Amino acid sequence: MHVDCLMKCISHEFSYGTLLLKGMLRMIFLLKLPRFIGKCTFKVVKYGLEFIAMIRTELMIMYVKFGEPGLADFLFKTMVERDLVAWNALIASCVQNGHANKALALVREMDVARTKPDAVTVVSALSACGQLGSSEIGEELYCIARKEGIDCNIIVENARLDMQVKCGNVDMAIKLFEEMPQRNLISWSTMIVGYAINGESEKALSLFDKMQNEGLHPNYITFLGVLSACSHAGLVREGWRYFNRMNNLDNKNMKPRKEHYACMVDLLGRSGHLQEAYNFIKSMPIEPDSGVWGALLGACAIHQDVELGQHVADILFELAPDIASYHVLMSNMYASAGRWDFVKKVRWRMRKKGVRKLAAYSSVELNGNIHVFYGGDRLHPQTQFIYKKLDDLFKEMKSLGYIPKTNSVYHDVESEEKEATLSTHSEKIAIAFSLINVQPELPIRVMKNLRICDDCHTFSKHVSIISKREIVMRDKIRFHHFKNGVCSCKDYW
DNA sequence: CTAGGGTTAG
């Protein structure tokens, strides 16, 4: 495709041209050609097209997708006619690409710029709150929207429901679900997933039946919801039943996709059927992708099957060499097996390929502010009190029989040092911070970007006894509700 | 004259 030709086309035949350019920009993204976007912008500027609102909006979306929200922001700030659609486009693309904080900041800026948000803005804002785990801000924004007379249609209501689900407020979510003026397939799917990730799999499955009794047909996402419900609870037989039901449906559109296979591999593998999971992948009628193999690698890590893990990792390093978590999983497996020579090898390979491990963090919402903690963090103004609190907690739980699980530390260091690393994992700091600051009658809520480790899981159970408080923790894929020393995941995660 | 923006999985 000749870019100049396209630009001329836009100047002459406006509506076709802009649509073509839009299509081209989306294609650049799908084909992963970040360098081409710069060239394209250059041509757009050359032909003076960057002042057309629609084209500039599309460019902004592309820049956010390519991980350059700053450049998108520049295009936005220098836009002549910054209308509501441009605001919404930027906000939505920020949310969809993991810049939830930036999205919320933009929503606040709208007020200053005297642009009145609409339902589309509210949906993105609620989605951002869900990502951040800030139900207080989310509900506040929803109330403001209602007061301002914004039409809260079913999409807004679904976004609100999802926001509560992602904050771990199952009771609130079911209340909203039951009181909704209308419910569509997305409302049901959201609620099913809500139960699943909060550890109430039976309720998720019965809701799935109820939905069908009301005459709604599940789509592929609904099926993913029930399959993940099975996998979170280790319900292998039920999982097979739903998977086979999908396969037996007449609708060709409803044949299991890669994601469903990945879910089944996760279910089989984590419940200990590693070989069955491997054979299942081998028998797939479609090409397994990194998600499918990644699920098996995760299961190998849980069950310490280094041999199979090594085989799977070799496939993954070919298929998706730049995904850090697969390297980290393999490195951790070697470490647990005491194979430090192999650990070094994996680390060396990561460095060579420029793959960087994602730093773990935990965050807590307090009075509408989000406090972020990293492992061993001493940056918070309350650091002294936090560590004092942690110290007291450890003393008390050690007298109750807590033993640090130092095999959760994947570095080749002495055991005292291992214990030190372990005792300052970000979620422990976040819990100590919450114990100091959150009103005693309220549950403690911690959001994590990665999965919780064994030791922090045990720690949280102890804290729920010692402090007589409920702890709600969201990790990368599910919730843990700790109460009286028991976790809602039944120690299966 | 319009065109560009929104919810469910991982």
Side-chain angles (χ1 to χ4, degrees), chain A residues 10 13-23 25-26 52-62 64 75-76 79 81-96 98 103 106 115 117-131 145 150-166 173 177 180 182-197 204 211 216 218-229 231-232 256-263 265-266 289-292 294-295 298 323 325 476-478:
Chain A
I10 296 170
E13 196 57 62
F14 199 67
S15 54
Y16 283 134
T18 45
L19 282 176
L20 260 174
L21 179 60
K22 184 190 158 189
L25 288 168
R26 301 239 154 143
I52 298 165
M54 176 184 161
I55 292 178
R56 190 177 274 240
T57 305
E58 203 58 44
L59 275 177
M60 279 170 5
I61 296 171
M62 279 307 114
V64 179
L75 283 174
F76 181 65
M79 202 167 171
E81 292 172 65
R82 254 194 284 168
D83 60 4
L84 182 58
V85 178
W87 278 98
N88 286 342
L90 185 58
I91 292 168
S93 56
C94 283
V95 176
Q96 288 159 9
L106 281 164
T115 308
D118 69 354
V120 179
T121 327
V122 178
V123 169
S124 294
L126 289 173
S127 176
C129 294
Q131 265 182 43
I150 293 170
D151 167 39
C152 289
N153 55 24
I154 189 162
I155 303 182
V156 176
E157 296 297 340
N158 284 343
R160 182 185 180 202
L161 178 67
D162 178 56
M163 186 272 294
Q164 288 295 353
V165 159
K166 291 221 165 75
F177 180 74
M180 275 172 93
Q182 317 151 38
R183 282 185 283 269
N184 61 12
L185 186 57
I186 295 180
S187 327
W188 285 90
S189 304
T190 305
M191 199 58 230
I192 289 171
V193 171
Y195 273 138
I197 60 174
M211 181 189 96
L216 277 157
N219 67 2
Y220 75 102
I221 291 179
T222 326
F223 269 110
L224 265 175
V226 285
L227 287 178
S228 80
S231 129
H232 285 314
R257 305 184 187 183
K258 287 185 295 245
E259 295 90 333
H260 301 99
Y261 281 91
C263 235
V265 171
D266 184 58
D289 67 347
S290 60
V292 177
I323 296 183
S325 57
K476 197 171 194 295
I477 71 162
R478 67 170 300 159

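Fair warning: this is a prediction, and the values are worked out from it, not measured in the lab. Order of the sequence lines fixes the chain letters, A, B, ..., with proteins taken first and strands second; residue numbering starts at 1 for each chain. Computation of the quantities below employed the complete heavy-atom set of this structure, encompassing side-chain atoms and omitting hydrogens, waters and symmetry-equivalent molecules.
Here A:Leu106 pairs with A:Asp73, A:Phe76, A:Trp87, A:Leu90, A:Ile91, A:Cys94, A:Lys102, A:Glu109 under the side-chain contact (heavy atoms from CB on, under 4.5 Å) rule; sequence neighbours left out.
Contact annotation: side chain of A:Asp83 to base of B:dG4, donor-acceptor pair present below 3.5 Å.
Residue contacts for A:Asn153: at a heavy-atom cut-off of 4.0 Å it reaches a base atom on one of the strands shown. Within the nucleic acid shown, A:Ala262 has no heavy atom closer than 4.0 Å to any nucleic acid atom. Among the heavy atoms of the strands lying under 4.0 Å from A:Ala53 is at least one base atom, whether or not backbone atoms are also near.
Using a distance-only test at 3.5 Å, with no hydrogens or angles considered, a donor-acceptor pair links the side chain of A:Gln131 to the main chain of A:Val95. A donor-acceptor contact shorter than 3.5 Å is absent between the side chain of A:His232 and the backbone of A:Ala229. No side-chain donor-acceptor contact under 3.5 Å links A:Asp162 to the backbone of A:Val165.
Between A:Leu59 atom CG and B:dG4 atom C1' the separation is 11 Å, expressed in whole Å.
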Got a list of protein N/O to nucleotides 7-10 of chain B N/O distances below 3.5 Å?
{"from": "B:dT7", "atom 1": "O2", "to": "A:Asn158", "atom 2": "ND2", "distance (Å)": "2.8"}
{"from": "B:dT8", "atom 1": "O2", "to": "A:Ser189", "atom 2": "OG", "distance (Å)": "3.3"}

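Checked by atom type, the side-chain pair A:Asn158/A:Ser187 shows a donor-acceptor distance below 3.5 Å.
For the pairing with A:Phe223, the side-chain contact (heavy atoms from CB on, under 4.5 Å) check across A:Pro256, A:Pro218, A:Ser228 returns one residue only, A:Pro218.
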